[in-house]
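A short write-up of the structure that comes next.
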Amino acid sequence: MDTLFAKKALQGKKGLNKLKQNINTDDSMELTKEHDEGSLHDDADSLLNGADSLHDDADSLHDDADSLHDDGDAFDVGDMFSDSDGAPNFVPRAKLHFQNHITCNRCVLTTCHCENLALNLVPQHLSSAITALDLSHNDIGTLPNKTFCVYPKLQFLILEENKLSRLEVDSFWCLSKLVYLNLKSNQLKMVHGAYPKGVFSPLVSLLVLHIQHNNPNATYPGYDYPGDALAELKSLRGLNMDGLNNKTFGPGFGNMTSLRSLSLSGLEGFCKLVDLSDETFEFLSHLRVLNISSCWITDKHLPRGIFAPLKQLSILDVQNNFLIGFKSFRRAMASLKNSSLTVLIANNIVSQYSHSLPVDELIVDILPKTLVYLEARGNCFEYLKPEVFSILPKGLRYIDVGSNRFVFGEYLQNLSQLEHLEILKLNGGGVPTEVPRTYPHQARGMSLLNIDSPSQKLMSEDGDLNLQLPPKLKIIDLSVATLKYVLSRLVVNSSNDVEQLILSNNYFPIISGPFIGFNKLQILDLSQSSIGDISLTFFENFPVLETLILDYNKLGDFFASRGKRMHVFEKLKNLKHLFLNDNGLTILARKIFNGLDSLETLYLGWNSNWLFDVTISHMRNLRRLNLAHTEVTGLPRHIRDHIDSLKNGIEVDLSHCPLHCDCENLDFLKWMVRSTAFDGSFRDYLCFYDDATFQNITDQFAGTLRFLERRCAENSTLFLIVLSTTLCLLCFVMGGVAYRFRWKLRYLYYMAYRNSRKNENPLQPGTSKYDVFISYASQDEAFVINEVMKELSARGLKLHVHGRDFAVGEYIASNIITAIHESRRTLVVLTRRLLASKWCTYELQMANMESVHTGRQVLVFLLKEAIPSRDLGTDLLYHIRNNTYILYPQADGVTDARLIGAFWDKLATDLARL
């Protein structure tokens, strides 16, 4: 067989109690069954690996399966599922997944989908080799005789939600290989003629039959169970049907010796078992699983012997019968006390308006000793009497008593007596009910108002709260338990085996701890608990913790803080999975994840952080980084480098993030497209542009990259042009400024150079070494030596002469600066030849700078020749007009000795006085 198809059979199911086929006697039985709002759970496949008494026929189911297929393809028929109402069914498990939408004209392998096509007849044109046919949600009103003979290999047939009101005797002729038939939600009322005798006789291999949700008025007196028609189903294992009021399962059901599971649940069908009798299940002694949940059973009509015929019952589900009450429930369960019952689901069998109830020995004493799985949610329990723990079934491995009213009390110290308990659920939630139309029924006579309150002393001598947990306990579930605590110090016995602690959906604004004794804890769930602060000591005593779930809390301010809080995770050396989704994170301290060397997955989605710039280089095992739905616009270079360095692969999710698609982020976008860390389709990725627009990416960023590369290249050319122009303008301006202040810059430079050289005899402030520094052109040297020097020296002036008194080996410019600085005056012998001298011009400018910087008058001009103003130049003319100058006397070419003598006297006097 290519495929096993039960799509509609499994649709809407919560999947109950798939009991393991190869049951062994190993003591390491796993109890992983879960239950959600009255249904029996998906993963009960691993419910009881070691319970030999659950199903003696489990192995035979595999043997039967082999004979159902001529082609030898193996499939499992021993898996047991439930409808959403918790009804157990034996349903073959498909080994192949199919496409969701396949028309009647298309088949995949040997499976054909013909649902939702408004068909009023069974199509006859499909391949005769098909093994699975879905005709649900059509308008088929009749099944003519032998209509399926064109499909002799059919094994799965779904006719759910059609308009069938009756069946023909030969409607299923030729379907000897059919193992699954779904007739749910039609108009096949359990009246005379709707199920003619012999209609099911061809179905010699049928294992599962659904005929529920066909009788909306389940209390109608004219309805009756079609025992005669069903009696021919000798191989049937699972039957789902509506529960009729005041009707019994007659002798015909006694002939169905293979029947193991019967569901009458009102959650997916119609069930009104208002009046029950001791004979209701008289001919169902071979049943292993009975589901009568949501059937309006009341305390007045639940007889003492109702379950007495069910000697082989292993699983009983009576949940959501709010009017049973514990008094009548104890009475009915008395007949099963010595049975082999292993699973009991008794959720919500007490009115939610009842007084709070204690769990006492009267309630517990009726539980079979073989019980390993117990659900008793929503029954108004408030506490357990101490003696209860000693009489509970010793083999209990799974207890779910959530949605009750348990108070914190001394009775908790007795938990350690449950030596085999592996899963304990005290979580909240529950089944919503309608607003009452009358005053609701209340349990009487068991109110805590008449019972002494339990002791609250749980403290050890040193003041610590010390809980003794069952030695084999693996899972503690306290989610949605309306707990409101500052999670402070808690001590449990270190010998416990707790691996999962679920505290989600409570109120713990501060978790300070420490929690001591959870040495084997691997999973800690604190999600949706309004946590705003975490103490550094809280995670100190979880040596093997691998998964930490902190989603949907209020840790934004905490993670933005600096200081010691950055080391909160450092002790979690073995942590592999960290969940911090939706915590209002805006800023993350760079070293917040220090110490998480073993981390493999990091979830930070649905936060407001726009930057992910944290240290992750130590995370060599990182395999998944989720930043979806954050404000992250890109990843820093060091993050990218670390992702590239991870050789074993990593998945990065930046979907729904406002990635900046601009030139500045082009390098990141190219890296992202090139990296193997991202889903190549980039589904749900967003591009945000400079003009505040955005778009969903549908082309793997190809168009965006082309646009940006072209745009950024144009920008680069423009940038280079602007940069070159700017540099040229800057150089021009700086050159102009340097030229404008060239003499000042030179003066400052050489003054700094001079000051950096240590002077053995530095001048005192206000003193000068020389009276006059004489600046002249070399061509005028004879005049200077024979006239100027001779005359001024003779009149007592100490002279510093250009060239003659310069220091040997020193820069000329430095010598000039020194001469000007050490002389009170600088005498410039102005001739035409001086105008052409570079060094004389330099001396003139430096003397002017000395005057500017010292504030004293330095320059004195000796105009030896008459030079027109136009030949002097602007700068020199400016200096002459703003400083002292004197004309050298000449008389018609003949020198007057008296005039010359008076001139030198005047010059010497002025130089000495100035």
Side-chain angles (χ1 to χ4, degrees), residues 504 511 521-529 531 534 536 538-539 542 544-561 565-659 668 671-672 675-679 684-685:
S504 60
I511 56 175
L521 191 68
Q522 298 179 15
I523 300 175
L524 176 59
D525 187 351
L526 288 163
S527 60
Q528 290 186 270
S529 295
I531 299 172
I534 305 175
L536 290 177
F538 187 78
F539 296 119
F542 300 121
V544 297
L545 189 68
E546 294 184 355
T547 301
L548 175 59
I549 306 174
L550 292 169
D551 293 338
Y552 311 109
N553 282 295
K554 301 176 180 179
L555 291 168
D557 292 339
F558 175 82
F559 281 102
S561 62
R565 291 184 173 186
M566 292 191 298
H567 308 289
V568 66
F569 297 126
E570 280 193 347
K571 300 294 184 180
L572 301 176
K573 300 298 183 182
N574 292 300
L575 193 69
K576 295 182 179 179
H577 313 286
L578 177 58
F579 295 82
L580 289 166
N581 295 310
D582 201 356
N583 265 281
L585 304 181
T586 54
I587 300 175
L588 292 173
R590 182 139 189 173
K591 297 182 179 180
I592 191 65
F593 300 125
N594 275 13
L596 301 182
D597 298 350
S598 302
L599 202 66
E600 296 180 4
T601 59
L602 177 58
Y603 284 80
L604 293 165
W606 298 92
N607 285 294
S608 301
N609 54 304
W610 56 270
L611 182 65
F612 183 69
D613 190 8
V614 299
T615 301
I616 63 170
S617 57
H618 55 289
M619 301 179 187
R620 303 305 307 173
N621 298 315
L622 193 62
R623 295 293 174 266
R624 183 165 182 80
L625 175 61
N626 190 311
L627 295 167
H629 293 275
T630 64
E631 299 300 316
V632 170
T633 60
L635 297 177
R637 171 61 66 181
H638 70 93
I639 299 287
R640 287 182 262 164
D641 290 342
H642 181 64
I643 290 173
D644 290 339
S645 70
L646 298 175
K647 303 302 182 183
N648 294 329
I650 178 177
E651 296 179 13
V652 180
D653 189 352
L654 290 174
S655 60
H656 299 283
C657 292
L659 301 179
F668 164 73
W671 169 83
M672 183 177 64
S675 175
T676 58
F678 294 84
D679 177 9
D684 297 323
Y685 275 64

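Position 1 is the first residue of the sequence; numbering continues from there.
A salt bridge links R590 with D613: the distance from a Lys NZ or Arg NE/NH1/NH2 to an Asp or Glu carboxylate oxygen falls below 4.0 Å.
Judged by distance alone, the side chain of N583 and the main-chain N or O of G556 form no donor-acceptor pair under 3.5 Å. Using a distance-only test at 3.5 Å, with no hydrogens or angles considered, a donor-acceptor pair links the side chain of K573 to the main chain of E570. In terms of modelled atom types and a separation under 3.5 Å, the side chain of D551 and the main chain of N581 share a donor-acceptor contact. Listed for the N553 side chain is a donor-acceptor partner under 3.5 Å among the backbone atoms of S529. Of the possible donor and acceptor atoms, one in the side chain of N607 sits under 3.5 Å from a partner among the backbone N and O of G584. T630 places no side-chain N or O within donor-acceptor distance of the main-chain N or O of A628, the cut-off being under 3.5 Å. A donor-acceptor pair is defined here as one N or O able to donate and one able to accept, closer than 3.5 Å; no such pair exists between the side chain of S675 and the backbone of M672. Between the side chain of N621 and the backbone N or O of E600 there is no donor-acceptor pair closer than 3.5 Å.
The structure places CG of D557 at 10.0 Å from CG of L585, a figure rounded to the nearest 0.5 Å. Note that CG of N626 and CG of L604 are 8.0 Å apart. Values are rounded to the nearest 0.5 Å. Distance check: F593 CZ to L599 CG gives 8.0 Å after rounding to the nearest 0.5 Å. Between N609 atom CG and F559 atom CZ the span is 11.5 Å, to the nearest 0.5 Å. Taking CD1 of I592 as the start and CZ of F558 as the end, the distance is 6.0 Å to the nearest 0.5 Å. Remark: T633 OG1 to L611 CG distance equals 7.5 Å, nearest 0.5 Å.
Smallest separation of non-hydrogen atoms from V652 and I643: CG2-CD1, 3.9 Å. C657 approaches L627 most closely through the heavy-atom pair SG-O, 3.0 Å.
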Step by step, work out the side-chain contact (heavy atoms from CB on, under 4.5 Å) result for Y603 and L550. CA-CA 10 Å; Y603 284 80; L550 292 169; over 6 Å; no
Working for side-chain contact (heavy atoms from CB on, under 4.5 Å), residues L635 and W671: CA-CA 10 Å; L635 297 177; W671 169 83; 4.2 Å; yes
Using side-chain contact (heavy atoms from CB on, under 4.5 Å), reason through F542 and L524 one step at a time and then give a plain yes or no. CA-CA 10 Å; F542 300 121; L524 176 59; 4.3 Å; yes
Passes side-chain contact (heavy atoms from CB on, under 4.5 Å), E651 versus R623? Steps please. CA-CA 6 Å; E651 296 179 13; R623 295 293 174 266; over 6 Å; no
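There is a side-chain donor-acceptor pair under 3.5 Å between T601 and H577.
With contacts defined as side-chain heavy-atom distances shorter than 4.5 Å, the pair F579/D525 does not qualify. Between F612 and L654, every side-chain heavy-atom pair lies at or beyond the 4.5 Å cut-off. In this structure the side chain of F539 reaches within 4.5 angstrom of the side chain of L548, judged on heavy atoms.
Checked options R620, R624, M619; the residue passing with L622 is M619 (criterion: side-chain contact (heavy atoms from CB on, under 4.5 Å)).
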